[in-house]
Amino acid sequence: DMFPYPSGEGLHVGHPLGFIGTDVSARFMRMNGFNVLHAMGYDAFGLPAEQFAVEHGRHPRETTDSNIANMRRQLHALGLGHDARRSIATTDPQYYRWTQWIFLQIFNAWFDEDAELAGGGKGRARPIDELITELQSGARATTNDLVPDLNPDGTPWSELDAATKRALIDSYRLAYVDEAPVNWCPGLGTVLANEEVTADGRSERGNHPVFRRPLKQWKLRITAYSDRLLDDLALLDWPESIKTMQRNWIGRSTGASALFSVEEHEGVDIEVFTTRPDTLFGATYMVLAPEHPLLDTIVPSEWPDATLAADFGDMPVSWKGIFGADELPSGAVRKYVEFASRKSELERQAEGRDKTGVFTGAFATNPTTGASIPIFVADYVLMGYGTGAIMAVPAHDQRDFEFAQEFDLPITAVVQPPDAWFASHSLDVGAPANEWPEAFTGDGVAINSTNEHVSLDGMVVDDAKRRITAWLDATGGGAPAVTTKLRDWLFSRQRYWGEPFPIVYDADDNPIALPESMLPVLLPEMTDFEPTILAEDDPRPPEPPLARADAWVAVELDLGDGEQFYRRETNTMPQWAGSCWYYLRYLDPTNEQAFVDPAVEEYWMVGHHGDPNSGGVDLYVGGAEHAVLHLLYARFWHKVLFDLGHVSTPEPFHRLFNQGMITAAAYTDERGMYVPAEQVVEQGGEYTYEGAPVDRHDGKMGKSLKNAVTPDDIYRDYGADTLRLYEMFMGPLDASRPWNTRDITGVHTLLRRFWRNVVDEDTGALRVTDAPADDETRRQLHRTIDKVRADMGTLEFNTAIAKLFELNNRLNVVVAETGESPLEVVEAMALMLSPLAPHIAEEVWSRLGHEGTITYEPFPEPDPSQLVDDEVEIPVQINGKVRGKVRVATGADDTAHEAAARADVKVAELLDGVEIRKVIIVPGRMVNFVVA
RNA sequence: GCCCGGAUGGCGCAAUUGGCUGACGCGAUCGGCUCAAAACCGAUUGUCCGCAAGGACAUGUGGGUUCGAGUCCCACUCCGGGCACCA
């Protein structure tokens, strides 16, 4: 009858706040009658299987099951094991099958920008068959903005050849093969999505350098959904910071497009996007991205020294680029393009903002001024954003300003900065722009912006934008435009581990979807499944491990045209594919007829949280590190499934809660190297390691900082309940918290004292009485229930636990005085403790004589009559300083409050003989005398 | 550089959302129990002045609004996170 110490085995936990927080809130919700599906993360099973396999030189499939079993043991050790959880193994053939099935839905869909949405707005996915019908019937034009050169003349469908028809349809698909510059990471032997590359140009996993390289890869058309992904954030109960991150990542900008005609090339226009169309008159040159398709067209055979516009005088030598002044334009441009494409993101970063570029030899005409302006190619313009070309307005854009200084290009002010701006730069008011130290990007009045058709002069920026955009629109030289930073999602990886694509290629290299009946496509057994790691400068294309499985790659199938030979797609899907829909599979994990039964899906996903707007998972607890990865990708897949009628809510996760991480003190020596934290000695605020002083700072627990604390010792010495309770008591769940082992004794004491208030440890007998609690204890009990209930609902477990401490402290007093605990208090205590410390609560519950488990008992309800007091103590202030305290009856009027306050001896003394200017009374709160 | 958070005792953190700052826990100090230590139990614990009663000062810094500011406004400092040549 000693205190029970539930424990487990082999525990390694990186950041268990989320697991335990999820479990505690799930238990609480279930006790309140919610239906709870407890889905541990798809890859929450410790090491990702593939990484584990590579580190241990084993086949991933061998390791996954033991990996999951290991995680189960860990969860059990934390007291997280209970029957509501369901799990699915990522190796489950059914899971492969339905992931591939969803991919086929995406592949066989297109985005109709004009289709009405049920909830208002436009643009949704539709089956590709409907597109084909529209094309055949002529209801839809056969030109396609997605790939403009497929059928530029709009030749009718019936006159197109089969190859063009097929290419046209493929270009509409939400999943498509594209040859374009991608993030190539030789260190991992695979390509990566933009979201998986860090700001300093390295892979998020493994921290290897990443290079840009054109490769043929699968992409998903997430950009089609950028408006809805942005707008629907309003429906969600998510942390504002995550919403902001998604907004920034999608990066919608509004502005205008404008056409600049290329001189000497009849009918060739360069389209630019700008958020500052009001500065069009100040465009003194243009820049194309190194990958811009028009480069080939416009570069002349000779440098145009003779034809340079008068403004530029002799062409500066620097314009010919950094590879020698004797190059012809084509050579200079080609070498520059090569130079730019070979640079890694890391090198770009290291070079800072230094502007490089080459003059293409061609000129364009500024549509407002008619001036000839040179066209450059430079890598500060990115092909992936806007149109891959810009009009450069050096006076009002800092990047253009720096480039113009580097290359001696004219800088013309078309917005007048305020006088204060000139003053702050020690310039005379109205000084010409080529004397400025930086571009002026603020608001001001347009100048130098008049031609014979339009004038902006005198207008503020917003008015000028509207005016010039209207003029561009009217003349056909441009239009209002919206651009986003979001790019299509690069979806293929050169790894063994991952779902194979349900795609084969025919003799003409056309991708063909496998029929549903041929799913799942399983990975072949291979002995060598490691990715091909290439040197950074190796020109060979990356080879996926599956390409080496010859017998698997070549297949003979009947796909409608009789038996034919096909070649399987050898890339695999990224880890995100599975995590994009696992929450749906958890609803119905053993279903072999569908990825989820529609009735089951509707039961769990629709409107259980009382908010009809978004639906989806009621509460999703997870880390903020997935803000623009999993949480964006899953929203995208879910919306496609929604559009195609496979799920019934527009969003996957209604309420998102980001748990914090457990950090720990880490120490660095003089060289900045981490030293083992457990061997650091503290003495009088100074920290030393092997006698040498070290610096202390906080960091995420882990191997790299040498500061991991394994909870093994904690649950061995104190039990899993104590560990759970400690982690929930450390502070708010959404904040990262430093681990401090010695703080554990506090919560352990709470459990031990509660246990002793129920059980006599010497005899094992209950010390519980049916007699009612005294009035004060009972009032405190109901107040505690009220507060704990509220705090649990908002996931504020730390303050809920504080209240349980207080109630148990009261119980200590009662037991000390009477030798017994009132049953009503003990039962409520056990119930309130149950989500937080399930083992001890269950044990107490059972000892109290209850048959069933405490897990399904409803959470206690407060008695409202116990929550109100007859009297309340309030402070009496004089000039805002507390000078006394008085008791007033609940609901007393102002007069009674003032009378009570004046009756206080000390207050009366201080008020004696002074002029009272005003009396502020907040009933039930305070009385304040304002005196002279 | 831009966008989010945050800063309260020796420490982790509370504060009914403008109304008694520091709940609860850790640590520390003193005491009890003990041959002794651990465990356990009790008391004290924001700082300063004071024997005490009591008083003054205190929520990163400097201003402001208010009868009253940890909370609201303005300017700044530091810490954490995210983004970053996005036209």
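Convention: sequence-line order gives letters A, B, ...; per-chain numbering from 1.
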Does A/N248 or A/T799 map to a spot on RNA chain B nearer the 5' end, using the closest nucleotide for each? A/N248
Mapping A/Y380 and A/V922 onto RNA chain B by nearest heavy atom, which one lands closer to the 5' end? A/V922
From [atom1] of [X] over to [atom2] of [N], roughly how many Å is that when rounded to an integer?
X: A/L733; N: B/A14; atom1: CG; atom2: C1'; answer: 17 Å
X: A/F376; N: B/C85; atom1: CZ; atom2: P; answer: 22 Å
X: A/W739; N: B/C26; atom1: CH2; atom2: C1'; answer: 14 Å
X: A/L751; N: B/G25; atom1: CG; atom2: P; answer: 13 Å
X: A/N740; N: B/C11; atom1: CG; atom2: P; answer: 12 Å
X: A/I801; N: B/C26; atom1: CD1; atom2: P; answer: 13 Å
X: A/E796; N: B/A15; atom1: CD; atom2: C1'; answer: 12 Å
X: A/R247; N: B/A84; atom1: CZ; atom2: C1'; answer: 19 Å

For B/U59, does the O4'-C1'-N9-C4 or O4'-C1'-N1-C2 angle fall within 90° of 0, making it syn, or is it anti? anti
B/G9: syn or anti, per glycosidic angle within 90° of 0: syn
Ignoring hydrogens and angles, tell me if any N or O in the side chain of [X] forms a donor-acceptor pair with the backbone of [Y] under 3.5 Å.
X: A/R767; Y: A/N757; value: no
X: A/Q780; Y: A/E806; value: yes
X: A/H396; Y: A/T441; value: no
X: A/R487; Y: A/K485; value: yes
X: A/H897; Y: A/G924; value: yes
X: A/T794; Y: A/D791; value: yes

Please work out if [X] contacts a base, only the sugar-phosphate, or nothing of the nucleic acid, heavy-atom cut-off 4.0 Å.
X: A/Q398; result: nothing
X: A/R783; result: nothing
X: A/K918; result: sugar-phosphate
X: A/D400; result: nothing
X: A/E240; result: nothing
X: A/K881; result: sugar-phosphate
X: A/S253; result: sugar-phosphate
X: A/V381; result: base
X: A/M245; result: sugar-phosphate
X: A/K906; result: sugar-phosphate
X: A/F805; result: sugar-phosphate

Could you tell me how far [M] sits from [N] if I compare only their [atom1] atoms? Round to whole Å.
N: B/G6; M: B/G60; atom1: C1'; answer: 11 Å
N: B/A58; M: B/C4; atom1: P; answer: 32 Å
N: B/U8; M: B/A23; atom1: P; answer: 16 Å
N: B/U47; M: B/A52; atom1: P; answer: 15 Å
N: B/G31; M: B/G80; atom1: C1'; answer: 44 Å
N: B/C67; M: B/C20; atom1: C1'; answer: 16 Å
N: B/U61; M: B/C79; atom1: C1'; answer: 15 Å

Out of [options], which nucleotide sits closest to the side chain of [X]?
X: A/P875; options: B/A87, B/C20, B/G12; answer: B/C20
X: A/P732; options: B/A14, B/G27, B/C20; answer: B/A14
X: A/I920; options: B/G19, B/C20, B/A87; answer: B/G19
X: A/W249; options: B/A84, B/C26, B/A87; answer: B/A84
X: A/P738; options: B/G12, B/A87, B/G19; answer: B/G12
X: A/K885; options: B/A87, B/C20, B/C83; answer: B/C20
X: A/Q877; options: B/A56, B/G19, B/C24; answer: B/G19
X: A/R883; options: B/A56, B/G25, B/C24; answer: B/A56

When you compare the side chain of A/L230 with that of A/R247, does any pair of heavy atoms fall below 4.5 Å? yes
Listing time: all N or O pairs from protein to nucleotides 39-42 of chain B that are below 3.5 Å?
{"unit_1": "B/C40", "atom_1": "O3'", "unit_2": "A/R756", "atom_2": "NH2", "d": "3.4"}
{"unit_1": "B/C41", "atom_1": "OP1", "unit_2": "A/R753", "atom_2": "NE", "d": "2.6"}
{"unit_1": "B/C41", "atom_1": "OP1", "unit_2": "A/R753", "atom_2": "NH2", "d": "3.2"}
{"unit_1": "B/C41", "atom_1": "OP1", "unit_2": "A/R756", "atom_2": "NH2", "d": "3.3"}
{"unit_1": "B/C41", "atom_1": "OP2", "unit_2": "A/R753", "atom_2": "NH2", "d": "3.2"}

Taking a pair as Watson-Crick (N1 to N3 plus N6-O4 or O6-N4) or G-U wobble (N1-O2 and O6-N3), both under 3.5 Å, which stems of 3 or more consecutive pairs involve RNA chain B? B:1-7 with B:77-83, B:10-12 with B:24-26, B:27-32 with B:40-45, B:46-49 with B:54-57, B:60-64 with B:72-76
Using side chain to side chain donor-acceptor pair (under 3.5 Å) as the criterion, point out the one residue from A/Q405, A/H425, A/Q398 that pairs with A/E438. A/H425
In terms of heavy-atom contacts, A/V272 and A/M391 come closest through CG1-N, 3.6 Å
For the side chain of A/K355 and the base of B/C85, is some donor closer than 3.5 Å to an acceptor across the two? yes
Can you tell me whether the side chain of A/N928 and the base of B/C67 have a donor-acceptor pair closer than 3.5 Å? yes
Apply salt bridge (Lys or Arg N to Asp or Glu O under 4.0 Å) to residues A/D227 and A/R252 and explain how you reach the verdict. CA-CA 8 Å; A/D227 283 349; A/R252 179 158 64 187; 2.6 Å; yes
Return no unless some side-chain N or O of A/N809 is found under 4.0 Å from OP1 or OP2 of B/C24. no
Any chance you could measure A/F376, atom CZ, to A/Y336, atom OH, to the nearest 0.5 Å? 11.0 Å
With rounding to the nearest 0.5 angstrom, report the CD to OG1 distance, A/E871 to A/T890. 7.5 Å
Centroid separation under 6.0 Å, is that true for the rings of A/Y285 and A/F407? no
Passing candidate, side-chain contact (heavy atoms from CB on, under 4.5 Å) with A/V287, options A/D379, A/I390, A/D400: A/I390
